[in-house]
Amino acid sequence: MPLIVDRRGNEGETVSWKLVTARWGLVPSWAKDTKGAARLINARMETVTEKPSFRKAAAARRGLIASDRYYEWEKAPGGKIPTYLHGAESRPMAFAALFENWPDPTLPDEHSEKWLRTATIITTAVPGRYPGSLVLPIRCEFRGLTP
């Protein structure tokens, strides 16, 4: 998925933005393997700085996930019902995100696939809308951003 990350230099330097790709489902840098990533697709805003899986990324590796739509799931007696949501005129949106760079311990340091970039979307509850988590789109424009 597309991930926009900021590149901060030294004090007083201009922040630059970079468009990269990431796999959805955060793999913390300390994880032994990627098996837990499927459970780490969303990070709750209220606890993101407290949970060991998200704490380091929340402090240092934040970004935006670009999208033009998403699904919100409502619990119903027969199961979950997906609701397709998008911005006005299907314009692009960005979601607050965290990312990690995970080193695969099974690969040698010089291997081209040694590092895996993974990401998670930050969510929160929205009273009166959906009883579960809701992804909060951030409406913004990225002028001059090139992949």
Side-chain angles (χ1 to χ4, degrees), residues 1-8 15-109 111-147:
M1 70 182 155
L3 174 67
I4 301 161
V5 297
D6 67 1
R7 297 291 188 202
R8 297 184 185 269
V15 175
S16 65
W17 296 92
K18 184 176 180 181
L19 181 62
V20 298
T21 58
R23 191 175 89 180
W24 191 23
L26 194 83
V27 178
S29 59
W30 45 260
K32 290 181 175 39
D33 56 44
T34 61
K35 292 178 185 168
R39 293 188 310 272
L40 299 176
I41 59 172
N42 294 333
R44 292 290 299 208
M45 182 179 70
E46 297 82 1
T47 60
V48 73
T49 58
E50 301 166 10
K51 301 290 183 182
S53 295
F54 303 122
R55 193 176 322 160
K56 285 185 179 180
R61 287 175 291 283
R62 295 175 293 232
L64 299 170
I65 293 177
S67 180
D68 61 356
R69 63 186 163 268
Y70 65 99
Y71 287 91
E72 189 61 50
W73 297 85
E74 290 185 72
K75 290 183 181 177
K80 291 183 178 181
I81 301 171
T83 302
Y84 174 75
L85 300 167
H86 56 85
E89 301 172 15
S90 296
R91 292 187 58 170
M93 301 178 273
F95 302 101
L98 304 175
F99 71 95
E100 280 282 9
N101 296 305
W102 179 76
D104 187 339
T106 66
L107 296 175
D109 288 343
H111 197 281
S112 63
E113 295 179 12
K114 173 72 176 176
W115 293 92
L116 174 65
R117 183 179 297 116
T118 61
T120 186
I121 293 174
I122 300 175
T123 64
T124 190
V126 178
R129 289 226 18 195
Y130 295 98
S133 297
L134 180 69
V135 177
L136 294 177
I138 300 169
R139 285 155 183 74
C140 53
E141 294 181 25
F142 295 96
R143 292 187 176 99
L145 180 70
T146 55

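If you run side-chain contact (heavy atoms from CB on, under 4.5 Å) between L98 and each of T120, L40, I65, T118, only T120 comes through.
Taken from OG1 in T83 to CD in E74, the straight-line distance is 4.5 Å, to the nearest 0.5 Å.
In terms of heavy atoms, A38 sits closest to I41 at O-CG2, 3.6 Å. Between L64 and W17, the shortest heavy-atom contact is CD1-CZ3, 4.5 Å. K35 approaches R39 most closely through the heavy-atom pair O-NH1, 4.4 Å. The minimum heavy-atom distance between L3 and R117, with the atom names listed, is CD2-CD, 3.9 Å. When all heavy atoms are compared, the tightest approach of F95 to S67 is CE1-CB, 3.3 Å. Considering all non-hydrogen atoms of both residues, T124 and M45 come closest at OG1-CE, 3.6 Å.
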Quick one: do T123 and R44 satisfy side chain to side chain contact (heavy atoms under 4.5 Å, CB included)? Show the steps, please. CA-CA 5 Å; T123 64; R44 292 290 299 208; 3.7 Å; yes
From CA spacing to verdict: side chain to side chain contact (heavy atoms under 4.5 Å, CB included), T34, R23: CA-CA 11 Å; T34 61; R23 191 175 89 180; 3.5 Å; yes
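In terms of modelled atom types and a separation under 3.5 Å, the side chain of K18 and the main chain of V5 share no donor-acceptor contact.
Contact of the K114 side chain with the P103 side chain is registered, since non-hydrogen atoms from C-beta on lie closer than 4.5 Å.
The environment of CD in E113 is sparse: at most 12 heavy-atom neighbours from other residues, nucleotides or ligands sit within 6.0 Å.
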Show me, pair by pair, the donor-acceptor contacts under 3.5 angstrom made by side chains of residues 51-61, not counting sequence neighbours?
from	atom 1	to	atom 2	distance (Å)
R55	NH2	E50	O	2.8
R61	NE	E100	OE1	3.1
R61	NH2	E100	OE1	3.1
R61	NH2	E100	OE2	3.2

